[in-house]
K.L.:
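Before anything else, here's the structure in question.
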Amino acid sequence: MRDPMPYIMLGATLLLVVAMVLMLARLIGGPSLYDRLLAVNSFGTKTVLFLCVFCFIIDRPDGIDIALLYALMNFIATIAVLKFFNYGALTVDLRDVDTAREAPDAEGPP
Amino acid sequence: MSLATLILAAEPVAADAVRAGLDWAVLVENALDVFTVAFLLGGLFFVLAGSIGVLRLPDFYTRLHAAGVTDTLGAELILFALILQADNWQVVAKLLMVAFFLFVTSPTATHAVAHAAWRAGEKPRLGRWKAPALEDEG
């Protein structure tokens, strides 16, 4: 009997690709910048999962290192893009920014 | 097609378990596979539900909720299913590191995006909202 586990994982990667395509749809059609950022971040998480499952399919678990690297780079890229769009530059020292003063029109959450 | 593939691929495992009777070694080996399939299906359910939520929910903060909540749980379930299939401790250690970093960084990134959107003046949609039919959306 053939080992069914690679086929099960192949189905899992197909479903993960479906989820990634849905994320791409939100990335292209997202009305605001933050929708797109959220879609990119979620796409990265799914890419990490895809890489992990794919490494098990081809039976070469070394690739999980790449998934680990991608998870960390995804997080740092999200934070960097957010900082750039908030302050207009990546060289701003966050210790000099008074975060309480910059809150929008002091309404508070509804 | 993929769901049918999953079900068809899981069937010989179940047939083996039935044929083996009370052979404990075979039972334990197949139990690992069955648990792997269960955790994979659970994780894929949460990942797909989160994706559909991000695509369909009405405003930014509800989409944030869909992505942030379900990505963490779905990713952890899928990684745990892979840990059950690992055959040496280095792979287990690497997968645990991936799971730990995803568990820490995914909610942090979600919070950062939400905070930045709130500071930029993105307002949540209030009041009742009725989803448009699928054919009405451009």
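Protein chains get the first letters and strands the later ones, always in sequence-line order, with residue 1 at the start of each. Values below: all heavy atoms of this structure, side chains included; hydrogens, waters and symmetry mates excluded.
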K.L.:
To the nearest 0.5 Å, tell me how far A:Tyr34 OH sits from B:Tyr61 OH.
P.N.:
9.0 Å

K.L.:
Taking all heavy atoms of B:Leu40 and all of A:Ala12, pick out the closest pair and write down the distance.
P.N.:
CD2-CB, 4.1 Å

K.L.:
What do you reckon, is CD1 of A:Ile66 surrounded by more than 12 foreign heavy atoms closer than 6.0 Å?
P.N.:
no

K.L.:
Kindly work out whether a path of hydrophobic side-chain contacts (I/L/V/M/F/W/Y, heavy atoms less than 4.5 Å apart) joins A:Ile57 to A:Leu16.
P.N.:
yes

K.L.:
Looking only at heavy atoms, what is the nearest atom pair of B:Met97 and A:Leu68, with distance?
P.N.:
CE-CD2, 3.7 Å

K.L.:
Using a cut-off of under 4.5 Å for heavy-atom pairs, which of A:Val81, A:Asn74, A:Val53 has the most such pairs with chain B?
P.N.:
A:Val53

K.L.:
Would you mind checking which part of B:Ala114 comes under 4.5 Å of any heavy atom in chain A, side chain (CB onward), backbone (N, CA, C, O), both or neither?
P.N.:
neither

K.L.:
A:Leu38, B:Val69: one ILVMFWY side-chain cluster at the under-4.5 Å cut-off?
P.N.:
no

K.L.:
Are B:Leu84 and B:Leu77 joined in one hydrophobic group, where the rule is that I, L, V, M, F, W and Y side chains link up if heavy atoms are under 4.5 Å apart?
P.N.:
yes

K.L.:
List the atom of A:Tyr87, the atom of B:Arg119, and the distance in Å for their closest heavy-atom pair.
P.N.:
OH-NH2, 3.8 Å

K.L.:
Would you check if B:Gln90 and A:Pro61 make a side-chain contact, meaning some heavy-atom pair closer than 4.5 Å?
P.N.:
no

K.L.:
Might you point out which heavy atoms bring A:Arg26 and B:Leu57 nearest each other, and give the distance in Å?
P.N.:
NH2-O, 4.4 Å

K.L.:
Chain B heavy atoms under 4.5 Å from A:Ser32: which part of the residue, side chain, backbone, both or neither?
P.N.:
side chain

K.L.:
What option among B:Leu95, B:Leu102, B:Asn88 has the most heavy-atom pairs under 4.5 Å with chain A?
P.N.:
B:Leu95

K.L.:
Against chain A, work out which of B:Gly50, B:Ala86, B:Ala81, B:Gly74 has the most heavy-atom pairs shorter than 4.5 Å and name it.
P.N.:
B:Ala86

K.L.:
Could you walk me through whether B:Val47 and A:Leu49 satisfy the side chain to side chain contact (heavy atoms under 4.5 Å, CB included) test, starting with their C-alpha distance in whole Å, then the side-chain angles of each, then the deciding distance to 0.1 Å, before giving a yes or no?
P.N.:
CA-CA 10 Å; B:Val47 167; A:Leu49 294 177; 4.2 Å; yes

K.L.:
Distance check, rounded to the nearest 0.5 Å: A:Leu37 atom CG versus B:Thr110 atom OG1?
P.N.:
11.0 Å

K.L.:
Hey, what do you get for CG (A:Asp59) to CG (B:Asp87), rounding to the nearest 0.5 Å?
P.N.:
7.0 Å

K.L.:
Let me know if A:Pro6 has heavy atoms under 4.5 Å from chain B in its side chain, its backbone, both or neither.
P.N.:
neither

K.L.:
Counting heavy-atom pairs closer than 4.5 Å to chain A, which one of B:Gly68, B:Ala75, B:Ala67, B:Gly43 comes out on top?
P.N.:
B:Ala75

K.L.:
Out of curiosity, A:Met23 CE to B:Asp71 CG, how far, rounded to the nearest 0.5 Å?
P.N.:
6.0 Å

K.L.:
Given that the side chain runs from C-beta out, which part of A:Asn41 has a heavy atom under 4.5 Å from chain B: side chain, backbone, both or neither?
P.N.:
side chain

K.L.:
If I compare all heavy atoms of A:Asp62 with all of B:Lys94, which pair ends up nearest, and what's the gap?
P.N.:
CA-NZ, 4.1 Å

K.L.:
Do A:Leu15 and B:Leu79 land in one hydrophobic cluster if side-chain heavy atoms of ILVMFWY residues count as linked below 4.5 Å?
P.N.:
yes

K.L.:
Under 4.5 Å heavy-atom distance to chain A, tell me which part of B:Thr36 shows up: side chain, backbone, both or neither.
P.N.:
side chain

K.L.:
Side chain, backbone, both or neither: which part of B:Phe101 has a heavy atom under 4.5 Å from chain A?
P.N.:
side chain

K.L.:
In terms of heavy-atom pairs under 4.5 Å with chain B, which of A:Leu82, A:Asp35, A:Thr78, A:Leu72 leads?
P.N.:
A:Asp35

K.L.:
Tell me whether B:Val92 is reachable from A:Val48 by hopping between hydrophobic residues (I, L, V, M, F, W, Y) whose side-chain heavy atoms are closer than 4.5 Å.
P.N.:
yes

K.L.:
Would you mind checking which part of A:Lys46 comes under 4.5 Å of any heavy atom in chain B, side chain (CB onward), backbone (N, CA, C, O), both or neither?
P.N.:
side chain

K.L.:
Evaluate the side-chain proximity of A:Phe56 to B:Val91: yes if any heavy-atom separation is below 4.5 Å, no if none is.
P.N.:
yes

K.L.:
For chain B, which of A:Gly29, A:Ala71, A:Ala67, A:Cys52 has the most heavy-atom pairs under 4.5 Å?
P.N.:
A:Cys52

K.L.:
Given that the side chain runs from C-beta out, which part of A:Ile64 has a heavy atom under 4.5 Å from chain B: side chain, backbone, both or neither?
P.N.:
both

K.L.:
Nearest 0.5 Å, what's the CG-CZ distance between A:Leu33 and B:Phe60?
P.N.:
9.0 Å

K.L.:
Side chain, backbone, both or neither: which part of B:Leu82 has an atom under 4.5 Å from a heavy atom of chain A?
P.N.:
both

